[in-house]
Amino acid sequence: MSTTATAPSATPRPSVIQLAIKEKAALYAAYIPLFTEGGIFIPTTREYRLGDDVYVLLSLPDDTQRYPIAGKVAWVTPAKASGARTQGVGVRFPPDEKSRLLKLKIEEALGAHLASDRPTQTM
């Protein structure tokens, strides 16, 4: 009689992405105000699925601090998407105080740009 033991499946560790946004125009294009907690679009060719955990180290324009975000993939823009959209993922910020403060900081930095109708990399 033969038995095969299988190791318990380990939860995969979230991938770590460093994203340095250098200009307000790039921040405007990447920021996702539609998520209650805020979110950010990350251009990447790596394959992700909805709900994947992602750890982002985000740098904002004119700010030397890096902001750690333990977010989740909320949408995926595949390679060769229609409208020549950039391949990548939309990461939703977690519902915590650090995210709330980061959302306020981003929206303050963008100011009147938030009301712009210029296209973005997001929805």
Exercise for the section: Please tell me if the side chains of Glu107 and Tyr31 come closer than 4.5 Å, counting only heavy atoms from C-beta onward. Expected result: yes
Practice task
Given side-chain contact (heavy atoms from CB on, under 4.5 Å), test Tyr67 with Ser59 step by step and report yes or no.
Solution key: CA-CA 6 Å; Tyr67 299 90; Ser59 300; over 6 Å; no
Fill in the blank from the handout: Closest heavy-atom pair, Ile17 versus Tyr48, reported as atoms and distance to 0.1 Å, is CD1-OH, 3.4 Å
Handout entry: Neighbour count above 12 (heavy atom, 6.0 Å) for Glu47 CD
Key = no
Completion exercise
Quick note, salt bridge (Lys or Arg N to Asp or Glu O under 4.0 Å) partners involving residues 31-43, not counting sequence neighbours, are none
Fill in the blank from the handout: By side chain to side chain contact (heavy atoms under 4.5 Å, CB included), Thr36 pairs with (sequence neighbours left out) none
Practice task
Output the distance between atom CG (Asp62) and atom CD (Glu23), rounded to the nearest 0.5 Å.
Solution key: 10.0 Å
Practice task
State which residues pass salt bridge (Lys or Arg N to Asp or Glu O under 4.0 Å) with Asp63; sequence neighbours excluded, sorted by chain then number.
Solution key: Lys105
Can you give each donor-acceptor pair under 3.5 Å made by side-chain atoms of residues 87-102, sequence neighbours left out, with the distance rounded to 0.1 Å?
{"unit_1": "Asp96", "atom_1": "OD1", "unit_2": "Lys98", "atom_2": "N", "d": "3.4"}
{"unit_1": "Asp96", "atom_1": "OD1", "unit_2": "Ser99", "atom_2": "N", "d": "2.8"}
{"unit_1": "Asp96", "atom_1": "OD1", "unit_2": "Ser99", "atom_2": "OG", "d": "2.8"}
{"unit_1": "Glu97", "atom_1": "OE1", "unit_2": "Arg100", "atom_2": "NE", "d": "3.1"}
{"unit_1": "Glu97", "atom_1": "OE2", "unit_2": "Arg100", "atom_2": "NE", "d": "3.4"}
{"unit_1": "Glu97", "atom_1": "OE2", "unit_2": "Arg100", "atom_2": "NH2", "d": "2.8"}
{"unit_1": "Ser99", "atom_1": "OG", "unit_2": "Pro94", "atom_2": "O", "d": "2.9"}

Problem - Student check: side-chain heavy atoms of Lys22 and Pro61 closer than 4.5 Å - result: no
Problem - Contacts of type side chain to side chain contact (heavy atoms under 4.5 Å, CB included), residue Ala81, not counting sequence neighbours - result: Thr77, Pro78, Arg85
Practice task
Check whether any side-chain heavy atom of Ile69 lies under 4.5 Å from a side-chain heavy atom of Tyr55, and answer yes or no.
Solution key: no
Exercise for the section: With sequence neighbours excluded, give me every salt bridge (Lys or Arg N to Asp or Glu O under 4.0 Å) pair touching residues 68-78. Expected result: Asp53-Lys72
Exercise for the section: Could you tell me whether the side chain of Ile21 reaches within less than 4.5 Å of the side chain of Ile40, counting heavy atoms only? Expected result: yes
Problem - Non-hydrogen side-chain atoms of Leu19 and Leu57 separated by less than 4.5 Å - result: no
